[in-house]
Amino acid sequence: MPMEKTFDAAEAEARIYARWDQDGCFAAGANARPGADPFSIMIPPPNVTGALHMGHAFNNTLQDILTRWHRMRGFDTLWQPGTDHAGIATQMVVERELAAEGKSRRDFSRDDFVARVWQQKVKSRGNIRGQLERLGASCDWSREAFTMSGAPGAPEGEEGNFHDAVIKVFVDLYDKGLIYRGKRLVNWDPHFETAISDLEVEQVETDGHMWRLRYQLADGLTYDHPTAFDEDGNPTEYEARDYLTVATTRPETMLGDTGIAVHPDDPRYTHLVGKEAILPLIGRRLKIVADSYADPDKGTGAVKMTPAHDFNDWAVGERTGLQAINVMTPRAAMWLKDNADFAEGCEDWGLTRVIQALDGLDRYKAREWIVETADAEGWLDGMDADRHMVPHGDRSKVAIEPYLTDQWFVDTARIVQPALDAVRDGRTKILPEQHEKVYFHWLENIEPWCISRQLWWGHQIPVWYGLNMWADSATLPAGDLDEVDLGALLLDDGIVHAGDHHHAATDFGAVAKAFHKDIASLPQPLNVARVVEVEDKHAAIEALAASLADYAVSQDPTHLIYPVWRDADVLDTWFSSGLWPIGTLGWPEDTPELRRYFPTSVLITGFDIIFFWVARMMMMQLAVVNQIPFHTVYVHALVRDEKGKKMSKSLGNVLDPLDLIDDFGADAVRFTLTSMAAMGRDLKLSKDRIAGYRNFGTKIWNAARFAEMNGVWENHATHITPPRPTATVNRWIVGEVARARLAVDEALAAYRFNDAANGLYAFVWGKVCDWYVEFAKPLLADEATAAETRETMAWVLDQCLILLHPIMPFVTEELWSTTGHRPKPLIWADWPTYGADLIDADADREMNWVIALIEEIRSARAQMHVPVGLKLPLLRIELDAAGRAAWDNNAALIQRLARIDSLTDAPSVPKGAITIAAEGGLFALPLEGVIDIAAEQARLAKTLEKLEKDLTGLRGRLSNPKFVESAPEDVVEETRDLMAQKDDEAGKLRAALARLAELA
RNA sequence: GGGUGGUUAGCUCAGUUGGUAGAGCGCUUCGUUUACACCGAAGAUGUCGGGGGUUCGAGUCCCUCACCACCCACCA
């Protein structure tokens, strides 16, 4: 059955992929040579929230190219796939679904909610895998990993030990004091009601106002406020003021003000330092403190301090001993009622009014009320429109609130050094190198990493709390009970899944002795029979009270229990994905895969997650197993739309990779992305370009089709050994194949993906299809050369398929498996190693001469409007020995491709003929009656003009003695040769023109 | 405010140690010669953002200016 004219990608791709998968082609170590070196790549795990976009298509194409290339080269190759649980993003998706049903997560128990998220995860994971399969990704699906595998509540089919790894790392770092809990100001997302890290905050330029407020000085104090200045800017007149003017963009935070800062050297205010001002509305006394944070040149030089709601103020407060008063709820509404810290020191009249007006009110509503009230009461000193940056949550898109809460932190400053050193000393290389600077800058200025999130979906923090009490007292101590951090839970023989004991409260005593901080070593002696896990602190107090009451009656010490409860927070997603390299390979178990494939060879990722992920993986792997996670990090750019805009859902310019694959086939999409993957530059994707590479697939398809029609594949067995043909054309193309192979390997080894793709494109289309196939036609028709040409062409096309396969796996595999006799699928074919020794210099020179002559004749014919179908005789005016040999060897090819019917010698270019200059010779095409002389004159004149322009430049250079002296010899030599050649050609053209002039 | 990258043909972009500019698309002309019209042949188009410097020689190295993009940090 003859081949179709085009490759049916839609039909073939799924079939081919399924066969690869069934035959285990992707498995770790598949096609590895004995004793092969390992090559491993970890996929950047996509979020389980949704669909893959073009960035994923790009990223995974590059990974697949490297993977397939190494697999064919016989490396022990692993491409590790998997997905990330993406805490906040995934929880958001599920909460949105619930919202559509009119519910919130609070309507469910935590366990039920988490079960629902697992369902979402299972569904989405299938989508992601399906999309990667459409793209042709050859990852080892049998090893598919998930950053929350093995976590409590995981449904069947989600086993694995990633959770163990995460918990163990938390415990280990906790033991080393690298993880700590603290009441700190954090970035608080009032929508999700959770802390987020610095990286999850994006600054958004927002229209706002700067309000100036007057704060009365206490105790009749005044200061001299300058009201007039001389020309040098020195004050000349003053007025005594009994108030300070402070400015703010967020008036609602004033309720948390506890001080006013002035610069220690500001002469206006030095006498006020240590004195007090009075907060409007509620009459709280504000301490006036000296701190260099206050800039005398800004505003009035006096700054109000709200340590609980501003990061800078918090820092000043730490230095100067200001109290931090939280005045907001987790949803960023005002929290004034039942807020003892807030009420302390306030005037009753003010308190009553403010609570009535503002308690429970949203922060922005509260702002309006305060501004209106200030205006009405005369302590608003004015306002200006002000455009400034406001921090927003990157997921929720609401303004984040600096908020005072208990959170867990990684003391990153203490683990950052090895991550810096590894890149500095080159153990890990970052490409393109410019990204190293960004990496260094961030790590050198690293801040503590807030890793706790007030979410339900994620790894729950493995820390339990208990009550700080006298356990042997028979009654509850008076007053509130402090809680005490009991530490991370760890058994001597390894990790205990938190989930194993989550509901087994009665068994909890059995593991109590294994507490990291042993019960017996708690600050106060405990003498209890059992440790019981309860929901929270409130439940713990109740349970303890009941236990003690029971004991009081029964006097039975076995009734005494010690209630503990677990930290409700989960870990930042990036804490677990930061362990992706070791976690996917089975750590903390010492698996063969871990020993084999770690450290991994290369990480392919986008620049947008260098901080989020790459830097954290570096720090964490080095901190945990003291090894670099990867030898090379290749950072690729962004895929944009054809106008250069970032693709985003809100702009509606998103190109779905699946749609493109439907339209053009996966190979075309992959080739397009690869050809545009120049290091460090964003790529603009357009459908025209993809169509062009789809056409490229058709081109190679049809070259194979030509081969098939000419019996090239008959009796063809795959062999990697190049043939040793005798015909010049065949010798020539073998050398061209070798050049292409060297170029591809060199490009891929240097991560120059675009060079590899473009080089192959030029080779396959420009050399093989445009010239070799055309040359082969007469050779195949000639019995003397037919056999070796068939053999050579089969080999050449095989090499094209092999070299193209990493970039366009489907069409190449299809051609491979439907032609000749193949012992292995192409995905496992042996990558060639032949090199420059296959290049035959004589054949090279000869074929270049032939090609140049054909092009020259074609060009002349086209410009003279010679009918394409018209065959012409060619006149040989003069030709050197090399030229004669080349002609004699290839006369049939030249005549066919240049449409020449005969060659005869002539002494000179006759009247009515056009001149054809060739290296080492001169030809003429008699065109009497076909062309007009003026047109030929114009053609020659134009060519000559160009030549002479070149010659002027060359002559100028060579006549400059400094050039001949300083330039390298080979450059001078090359210039001389070029000059001689052009001079020769110009001479011929001048002669031809002169003759034409005579004739005219 | 600090930093990074970019500015090359009409469009999108390559251009690896400095040796005299390329590709794809688009455009023009011609063409269905037994692989391919998702094709073939031929052709036009660039003071390589501006200015200065180093050099025999600069798209490439240095300085400077302009504009664009992105990242980081924020001024109450």
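Order of the sequence lines sets the chain letters (A, B, ...), proteins ahead of strands, with each chain counted from 1.
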After noting the C-alpha distance and the side-chain angles of F671(A) and Y761(A), does the key distance pass the side-chain contact (heavy atoms from CB on, under 4.5 Å) rule? CA-CA 10 Å; F671(A) 204 97; Y761(A) 184 96; 4.2 Å; yes

Check the phosphate of C13(B) against N754(A), side-chain N and O only, distance under 4.0 Å to OP1 or OP2. Yes or no? no

Return the set of residues passing side chain to side chain donor-acceptor pair (under 3.5 Å) with T253(A) (not counting sequence neighbours), or none when no residue passes. K304(A)

Which comes earlier along RNA chain B counting from the 5' end, the contact point of A294(A) or that of R705(A), where each point is its nearest nucleotide? R705(A)

Let me know the distance between NZ of K437(A) and P of C72(B), rounded to the nearest Å. 18 Å

F775(A) CZ to U33(B) P, in whole Å, measures 21 Å

Any N or O donor-acceptor pair linking the side chain of K5(A) to the base of C36(B) at under 3.5 Å? no

D310(A) atom CG is separated from C75(B) atom P, nearest whole Å, by 7 Å

For nucleotides G22(B) and G15(B), find the distance between their C1' atoms and express it as a whole number of Å. 7 Å

Could you pull out the protein-nucleic contacts involving nucleotides 55-57 of chain B (nitrogen or oxygen on both sides, under 3.5 Å)?
from   : atom 1 : to      : atom 2 : distance (Å)
C56(B) : O2'    : N960(A) : ND2    : 2.9

Tell me whether K942(A) is salt-bridged to E945(A), with the criterion being a basic N under 4.0 Å from an acidic carboxylate O. no

Just the atom pairs and distances: protein N or O near nucleotides 38-43 of chain B's N or O, under 3.5 Å.
from   : atom 1 : to      : atom 2 : distance (Å)
C38(B) : O4'    : N695(A) : OD1    : 3.0
C38(B) : O2     : R694(A) : NE     : 2.8
C38(B) : O2     : N695(A) : OD1    : 3.0
C38(B) : O2     : T698(A) : OG1    : 2.7
C39(B) : OP1    : N695(A) : ND2    : 3.1
C39(B) : O3'    : K699(A) : NZ     : 3.1
G40(B) : OP1    : K699(A) : NZ     : 3.0
G40(B) : OP1    : W765(A) : NE1    : 2.5
A42(B) : O3'    : S859(A) : OG     : 3.4
G43(B) : OP1    : S859(A) : OG     : 3.1

Within the pair K777(A) and A35(B), is there a side-chain N or O less than 4.0 Å away from OP1 or OP2? yes

Closest to side chain of R689(A), choosing from C36(B), U12(B), A14(B): U12(B)

Watson-Crick or G-U stems involving RNA chain B, each at least 3 pairs long, distances under 3.5 Å, ordered by first number: B:1-7 with B:66-72, B:10-13 with B:22-25, B:27-31 with B:39-43, B:49-53 with B:61-65

Is K871(A) salt-bridged to D901(A), cutoff N-O under 4.0 Å? no

Expressed in angstrom and rounded to an integer, what is the separation of D950(A) atom CG from G19(B) atom P? 17 Å

Can you check the L443(A) CG to A73(B) P distance for me, whole Å? 13 Å

For the pair made of CG in D386(A) and P in C74(B), what is the distance, rounded to whole Å? 17 Å

K437(A) bridged to E444(A) by N-O distance under 4.0 Å: no

Write out all pairs satisfying salt bridge (Lys or Arg N to Asp or Glu O under 4.0 Å) with one or both partners inside residues 754-770 of chain A, taking only residues at least two apart or from two chains. E736(A)-K767(A), R752(A)-D755(A)

Measure CD/E444(A) against P/G2(B) and give the value in whole Å, please. 19 Å

Specify the separation, in whole Å, of atom CG of L897(A) and atom C1' of U33(B). 10 Å

Please compare E746(A) and Y761(A) by the position of their nearest nucleotide in RNA chain B and report the one closer to 5'. E746(A)

Pairs involving residues 950-975 of chain A, ordered by first then second residue, that meet side chain to side chain donor-acceptor pair (under 3.5 Å) (sequence neighbours left out): D950(A)-K982(A)

Between Q863(A) and S859(A), is any side-chain donor less than 3.5 angstrom from a side-chain acceptor? yes

Regarding Y215(A) and D257(A), do their side chains bring together a donor and an acceptor under 3.5 Å, going by distance alone? yes

